[in-house]
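First up is the structure itself, then whatever we jot down about it.
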Amino acid sequence: MSESKKVTMDEVNKHKSQGDLWLIVHGKVYDVSKFMDEHPGGDEVLLSEAGRDGSDAFEDVGHSDDARALLPGMLKGELEGAEQSKSSGGSAPKVNQAVQESGNPILMFIPLILLGAWLAYRYTQD
Ligand code: HEM
């Protein structure tokens, strides 16, 4: 169901040849197999980025917006960031610690306590 399928580095490394080439640009994996013949920069430059991060090479050329617009059509998925390509599941997912670091939850109740105290004070004065 998830839109962004994860692609492992192992998978990328299976597609490194003429007519069967996947490239990594900005953390995403693109299947440029059919496009490589039409690539204005030629197929050799694409092949030289096989199996590695082609982001810098892609940016150095200063590709046009038209070139960038072609990318979504070739998208295979996101590159799997974690080094889990050899394990067949079962390893613990990353723990998102940031969620835990937003402060002491008791502090949230201080305004409520003050409000309660004020209301109680008001109520007892009437
Ligand atoms: C991965 C997807 C890529 C797409 C969709 C793509 C697409 C294009 C397009 C449409 C152009 C024509 C000029 C423009 O519109 O900017 C172009 C030119 C070029 N591309 Fe790519 N490119 C890709 C990857 C790369 C990579 C990884 C390299 C370098 C290693 C590269 C090197 C070049 C060069 C050198 C040109 C200039 C050709 C010239 O003007 O003589 N491209 N590319």
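Indexing begins at 1, ligand by ligand and atom by atom, following the structure's order. If you're wondering where the values come from, they're calculated on a predicted model, not measured in any experiment.
Looking only at protein heavy atoms, the nearest one to atom 4 (C) of ligand 1 is Phe35 CE2, 3.6 Å. Closest to atom 13 (C) of ligand 1, if we only count protein heavy atoms, is Ser64 OG, 4.5 Å. Among protein heavy atoms, the minimum distance from atom 2 (C) of ligand 1 is reached at Leu71 CD2, 3.5 Å.
Within a 4.0 Å radius of atom 26 (C) of ligand 1, the protein has at least one heavy atom. Using a 4.0 Å threshold on non-hydrogen atoms, atom 20 (N) of ligand 1 counts as touching the protein.
We find that Lys5 and Glu80 are not joined by a salt bridge, their nearest charged nitrogen and carboxylate oxygen being 4.0 Å or further apart. Residues Lys28 and Glu78 are not paired through a salt bridge, judged by the lack of any N-O separation under 4.0 Å between the basic side chain and the carboxylate.
One distance of note links CG of Leu47 with NE2 of His39; it measures 11.0 Å at 0.5 Å rounding. Between the CG atom in Leu119 and the CG atom in Leu114 there is a gap of 11.0 Å [rounded to 0.5 Å]. For the atom pair CG of Leu115 and CD1 of Ile110, the computed distance is 13.5 Å after rounding to the nearest 0.5 Å.
Looking only at distances, a side-chain donor or acceptor of Ser33 sits under 3.5 Å from a matching main-chain atom of Leu21.
Per-residue contacts place Ala57 under 4.0 angstrom from the following atoms of ligand 1 (heavy atoms of the residue considered): 29 (C), 30 (C).
Excluding waters, the set of protein N/O/S atoms under 2.8 Å from atom 21 (Fe) of ligand 1 reads His39 NE2, His63 NE2.
The proximity of Tyr30 to ligand 1, defined as any non-hydrogen pair under 4.0 Å, does not occur for either the backbone or the side chain.
Residues Thr8 and Asp10 have side chains that never bring a donor and an acceptor to within less than 3.5 angstrom of each other. Ser64 and Asp66 form no side-chain donor-acceptor contact under 3.5 Å, judged by distance and modelled atom types alone.
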Applying side-chain contact (heavy atoms from CB on, under 4.5 Å) to Leu23 and Phe35, what does each step give before you reach the verdict? CA-CA 12 Å; Leu23 288 185; Phe35 173 71; over 6 Å; no

For the pair Gln18 and Asp43, evaluate side-chain contact (heavy atoms from CB on, under 4.5 Å) and give the outcome as yes or no after the intermediate values. CA-CA 8 Å; Gln18 173 71 42; Asp43 54 3; 2.8 Å; yes

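Not one N or O of Glu49 is nearer than 3.5 Å to an N or O of ligand 1, by distance alone.
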